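All remarks here apply to the structure that follows.
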Amino acid sequence: MDETNVEREILSSLAISFHVCLCLATSYHVLCARSFAAHVLPLVLGAFLLFNLLKLASTLLYAANDKDPEVQEQVRKSMLTLGKQQPDRVLAMCQDYLLKHPKLVVSHRVVILRTIELIVGCRVEAIGSPRIKNIISLASDEMTRSKVIPDWQQAASNILVAVGNRHINDIMEEILGKFQPGVLPHIYVVQTLASLSDSNVYGMVPFLNAILGTMLPMLSMAKQDSMKWVFASALCHFSDSILDYLANLDKAPDPTVRKDTFSSEIYAAYEILFNNWLQSRESKLRLTVAEAVGSMCHLMASDKLEDQIPKLIPTILSLYKKNTEHYVISKSLCQVLDASVNMGSRVLETQLDSLLLVLHQQVCAPVDYSYPHTVKNHNEVLRCFSLLANSFPDRLVVFVLQKLENSNERSRMGSLAVLRHLINSATSTMENKKLLILASIRQPMADHSNKVKKRVIQVISAMAHHGYLELEGGELLVQFIVQHCALPDTYQVLWPKLLYYLTLPQYSNATTPLCKNLMVLGSKKKANQDPSFNIDFTQEGMGAFLLSRYYVEIISLVVIFYSIVILEILTCQEYIFNFSPLQSFLYRCIGVTLQQCFNKDLVKKQLQEILLTARHNDPVEREGVAMGVGLCAHSHLEGTLAKLDEFGKSDAFKKSPSIFNLLKERNDVEVEKVKSTLILCYGQVALNAPPEKILNRIDQDILGCISKHFNTKDLTMKLSLIQSVGLVARAISECVKKQGYIFSRKQELITVMLDFIKAEPADSLRTPVRHLVMSTLCYCPLQHIESWLSSAQDHERERAITATAHILSTYLDNLTVKNMVSFHNLGALLGRLSPRCSDPNLTIRTTAIDSIYSLLYIQLRYEGFSLDYKDEGVDGLLLLKDRLENPDHSVLYKTCSDLTKRLPQQQLTTLVFMLFEGLVDSQTNCCRASSVILNTLLKNRGAGLQEMLQMCFCFSQMTCGLKELLLNGQSQEPAISLFPQLFSCLTVRLGASVGLSAPKDNTKHTASVHVAGWVSVAADALRILLARAQADEVLKRLDEDNAWDAMREPNTHITGVTLLARAMAKHAGPRLPAIVECLCPSLNNIYESQRITVTAFFSELLNHHVVTELMLIDVLMNNMMERISDLCCTVRMLAVRGLGNIAVGSPEKVHHPHAHTHSTHTGAAGSITAFSVLLPSFLLYLDKKNENDEIRCASIYLMGNLSKFGSGEPVFKDQIHNVLVSLLLHLVDPNPQVVKACKYAMRVCAPVVGSEQITGMFQNHLHDDKSLHYGEFINDLTKYLIQDFPGMLNFYHISVIQFFKSNWPEVRAGAAMFIGMTATPQYCKPHVFKHYCTITV
């Protein structure tokens, strides 16, 4: 093998390795596979880089738009790995990718920009100067390209900051170019300068003087709060940077910088911020300004600050009342006090009383450690007290000790906190106050509040570290500590006596603290191996006796209040209980408890605990867990399903990676047991959830999750699947008694159950799987038996027909009919059973007669006949039964055919379909019987079947066949690969089937209509296709909107298709281009129903921006424009709606020059777009030799009325000029009403024309009650047209030509007059002028 081939082989191997890793990294369901790929991918990348860096980087950049954040993070890491090795080349690729794809979605763009930031941050020193300048230019352009889009512009700003850490001069050259005097800069230009001052203090401070000089005039120009906020924030950062620079002058490049270098500019900015912006109504702006003012005080001249303190401090203190967020205010106040104390302010003492009062209120506020801002605020307030203690120690200590005498708990705790802080932080200042403090601490020591006592102990601890306890009286503090350490041991008192109080109803509100204390006591005794941990209930008195005797009832009472305790019992069960049934019971108790809980977060937390702590290997515990989860779902269906879905995607289900079998992190058998628990949980949720809520969730959220495991070979999982399917069937059977429901996946589940039976060993009939499947199939017996009635095996047919006879007989015996209705299954059942009367097996023939006998009497009961009513025709079947041993087939066929006469007209279609299936029966005699019955049916009742027979084979066979194929468990892969073609085909078929459903037998029984109707077959097939293609979000949205029912009905079909398109646009965008391509040919179909469906689908797509992102907007818009002239008015209406939707879905198209529209409001834009396509339709009725006067009048009035909505819009002006010639010529129309309509339309349109003289002529001369001298009017009008619209003359000339062939001589004469007055050589192109002359002659 030569060197080229070797290189090719190596490249191929590395490409395959990379592809595997990338697939793992982008997998949504295999987390450990991603983890493995995260370790392997960088290694593969390192080798692959040597061969195909460009292709690799391009692939990664494309993958950066993945929706999974983990995949995006892995892409960034991979790009960083490449960037560390080849920073220049990788940065160039990133830059080229952004430049070549200017329309990338923002999220994709952000990922790439963040990748650039990572590479620059790591290898900025290795990047060449030309590339640095290119990156700076790119980031600057990205940052300022559009209005504020935070994620995008922040990512670009971060790049500039990262580069600025080393190339500050290049950065400032670029940034200052966009920070020019007199022009408000982009917000992120200012924010980038602020960030640079933080990240590169020594590089930025030398530029700040010039930046502040440019910024000061801009402050007065800023009107919007967002711009004020960014300026204030920048001033805060600038001030902090300057202070940092001045504090570290020994390290600074220019040690000559002084504070007074910036004082004047800072003070000028301070005046604007303090006097104007600090009074803003916007809380965020107020806080930012306050923070900036605090930082700026350190840089102000001392005399200026001294003058401002009397105004500044009261203003900052007043902010506490205006804002709920106090940390920033306290921080700003602390900085002001620090600056004032450092310069030795004399006026600060005048503000001391108000300062101490407000600060004490703040320090007394409770501190919530779950909210860090409250902790920070508390610390800043204490720091303020420390600063004041340095200047005013006497007044401060007196104030605090006076507040300590207050009996209010919160006030004392705040005072003690200040005292403790002062003892620790102001040691020298407090030295001569020790005795005073020591004497004052005695009063809070006598407080009965435990919180105060705790705070006193903290103060005593601080005093001990600073020599207070050695002074006189210090021994009392030591005695206080020792006294509280000498409390008696309460363990023996509390354990187990606290259990007694759990049983008393008057202490029910104390259940939570009681259980918490019992948990602590029990844990300590167990850890110490205390013998008293094991309780002898018979020796503990009546309470303990009751506890032991009625333990179950007591536990039920406990869990109603505190289910967490039960989980503790479950985790510690080996010390108390040794049998699983009690655990199962406790799980059910938790389920009942959670039903009554209204805290959704707590419910989710407890469900998580149940699923994680359960012993999934124990079948009894699996059942208990499932029942507990199901009971919880009764009140928390949404939360329970969400938690189960989250648990199903967790690490508990992740098997070890399969690549090279290098790792084995989890026992696969254990994973199957966990899956079994989850499957049972879904079944119990279906059974226990509210009937009115669960039906819409069964197909997608229940069966959609269960069906993923149908291919399992694990016995435990099989049993769980069968049991769960049975629970779902029970739930449906209960729900359908109250509301209608079509169980579209029933046949799929039956097939799975039968597959389970077939997979069982043939040498044993009694297996757990067979037994459980047979028990599960009992909920829909007739439907399950259907497939066995035509089996090729005699014994299978015999058992099936016997079971059917028993079911029908039992149903008849227990049937109670309150209202007369039709037995809607009669046609289907009769079609199945009647061919069996000719079966070769005698037992089957006789049993089939019995079944039909019961079936017909069931029909009679439904029709209102009494229980003792006898029908001679039906009873005659029993006589026929005696002669079946040697049957006369002619008599048998005649009898079966006569039975069809009893069938209602609405049932004939279903019967025909069943007989069609009978034509391919496994038994020849049954096929012959089906044929004879069909012939008789066509002879006797063919008129009612004519329409159906003409179309049944056209629609049904292919659609039904496709539905059956999709039901097959192996169809998922082809369903995904052929999804666009299948989706398009079924959508069109759905539209063609609307209104063609089988006749209804009763308006109250819509279920039968759906079963028999063609539209239901297409809808069900489409629904199954979406499920197979894993479009779960689309299905969920359609179910929530009841879109399936809407699509089935003619009067709501368009609404249903609109909902379908909306769901696809929102949740299946990437699949739309191929779907649109497949649907386009149907727009030219001869059948209106198909054109309506596709136009409705496209119309709604135009309502969503995704079509612009997918570059479908032009295709869809062109198709809608073509449909404007469709012969069907519904199609035209939908096309206009779609063009109007462009304004919402793609507003940029409204401003596009080809769209002839311009609007600042999307609603108006939609109307304008629609109007721009309505006017050509108006012209059809006005100009195409339409001799119907009423249509011409209506068209003209419509045009006038529509123009009222377009004042000032260019689209209206263009369209009005398009019809102006038509209106002028019809002013001499032979019909007076048309002339009147033209005058009205031209008066209304006058303001839109764009000429004051023409507007005046229309308003003054075109009155309904006044006659018009047409020649003079046209002569004057053409002068203004030539004067105001010279560029439109050629268009007018071309428009007027068509009127030379008008049916009305008056109009033809008017056209000639118009040409004569406007078509002069100076205003008309030579070849056009010659053409006019020829036509006129």
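Bear in mind that the values here come from a model prediction, so they are computed numbers and not experimental data. We number each residue from 1, following the sequence as shown.
Between the CG atom of D1032 and the SG atom of C705 there is a distance of 7.5 Å, given to the nearest 0.5 Å. The distance from the CE atom of M1047 to the OG1 atom of T1093 is 10.0 Å, given to the nearest 0.5 Å.
When each of H186, Q154, H237 is paired with Q191, the side-chain hydrogen bond (donor to acceptor under 3.5 Å, both in side chains) condition holds for Q154 and for no other. Between V190 and the options L184, V230, L235, I211, a side chain to side chain contact (heavy atoms under 4.5 Å, CB included) holds for only V230.
Side-chain contact between I168 and M204: present, with at least one pair of heavy atoms (C-beta onward) separated by less than 4.5 Å.
At least one donor-acceptor pair closer than 3.5 Å links the side chain of N1119 to the backbone N or O of V1115. S977 places a side-chain N or O within donor-acceptor distance of the main-chain N or O of P974, the cut-off being under 3.5 Å. Without hydrogens or angle criteria, T192 side chain to S157 main chain gives no donor-acceptor distance under 3.5 Å. Judged by distance alone, with hydrogens and angles left aside, the side-chain atoms of N1118 form a donor-acceptor pair with the main-chain N or O of D1114 at under 3.5 Å. A donor-acceptor pair under 3.5 Å is formed between the side chain of S1099 and the backbone N or O of L1134. Within the 3.5 Å criterion, the main-chain N or O of A1043 finds no donor-acceptor partner in the side chain of D1041. A distance-only check finds a donor-acceptor pair linking the side chain of Q180 to the backbone of G177 [under 3.5 Å]. Judged by distance alone, the side chain of S137 and the main-chain N or O of K133 form no donor-acceptor pair under 3.5 Å. When atom types are taken as modelled, the side chain of N1141 and the backbone of L1102 share no donor-acceptor pair closer than 3.5 angstrom.
Looking at residues two or more places apart in sequence or on another chain, you find no ring pair (Phe, Tyr, Trp, His ring centres under 6.0 Å) involving F179. Scored by the salt bridge (Lys or Arg N to Asp or Glu O under 4.0 Å) test, E646 finds K643 as partners (sequence neighbours excluded). Residues satisfying the side chain to side chain contact (heavy atoms under 4.5 Å, CB included) criterion with P150, sequence neighbours excluded, are V148, Y188. For E638, the salt bridge (Lys or Arg N to Asp or Glu O under 4.0 Å) criterion is met by R697, not counting sequence neighbours. D198 is linked by a salt bridge (Lys or Arg N to Asp or Glu O under 4.0 Å) to nothing, counting only residues two or more places apart in sequence or in another chain. Taking E73 as the reference, R76 meet the salt bridge (Lys or Arg N to Asp or Glu O under 4.0 Å) condition, with sequence neighbours excluded. Taking the side chain to side chain contact (heavy atoms under 4.5 Å, CB included) definition, one finds that K1066 meets it with R1037, R1062, H1104, sequence neighbours left out. Taking the ring pair (Phe, Tyr, Trp, His ring centres under 6.0 Å) definition, one finds that F983 meets it with F979, F1097, sequence neighbours left out.
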Does the pair Q95 and R131 meet the rule for a side chain to side chain donor-acceptor pair (under 3.5 Å), with working shown?
-> CA-CA 10 Å; Q95 182 178 0; R131 179 57 52 204; 2.8 Å; yes

Could you go step by step and tell me if E1100 and L1059 meet the side-chain contact (heavy atoms from CB on, under 4.5 Å) rule?
-> CA-CA 8 Å; E1100 178 57 24; L1059 294 172; over 6 Å; no

side-chain contact (heavy atoms from CB on, under 4.5 Å) evaluation trace for N1103 with T1058 = CA-CA 10 Å; N1103 204 24; T1058 300; over 6 Å; no

CA sep, side-chain torsions, deciding dist, call: F207, S197, side-chain contact (heavy atoms from CB on, under 4.5 Å) = CA-CA 10 Å; F207 290 98; S197 69; over 6 Å; no

So N1084 and R1123, side chain to side chain donor-acceptor pair (under 3.5 Å) or not? Walk me through it.
-> CA-CA 9 Å; N1084 298 314; R1123 291 303 100 205; 2.9 Å; yes

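Residue pairs satisfying the side-chain hydrogen bond (donor to acceptor under 3.5 Å, both in side chains) criterion with at least one member in residues 160-179, sequence neighbours excluded, are listed as follows: S140-E174, S140-K178, T144-K178, N165-S199. Screening residues 94-104 for salt bridge (charged side-chain N to carboxylate O under 4.0 Å, His left out) gives no qualifying pairs among residues at least two apart or on separate chains.
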Cut-off 3.5 Å, no hydrogens considered: what does the side-chain donor-acceptor table look like for residues 105-128, sequence neighbours left out?
from : atom 1 : to   : atom 2 : distance (Å)
S107 : OG     : N65  : OD1    : 3.4
H108 : NE2    : L61  : O      : 2.6
R109 : NE     : E142 : OE1    : 2.8
R109 : NE     : E142 : OE2    : 3.3
R109 : NH1    : H101 : O      : 3.0
R109 : NH2    : L98  : O      : 3.1
R109 : NH2    : E142 : OE2    : 3.0
T115 : OG1    : V111 : O      : 2.8
R123 : NH1    : K84  : O      : 2.1

Below 3.5 Å, can you tabulate the donor-acceptor pairs from side chains in residues 1067-1075 to any protein atom, sequence neighbours excluded?
from  : atom 1 : to    : atom 2 : distance (Å)
R1071 : NH1    : A1029 : O      : 3.4
R1071 : NH2    : A1029 : O      : 2.9

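Annotation: E1077, atom CD; neighbour count of heavy atoms from other residues, nucleotides and ligands within 6.0 Å does not exceed 12. The local environment of CE in M221 is crowded, with over 12 non-hydrogen atoms from other residues, nucleotides or ligands closer than 6.0 Å.
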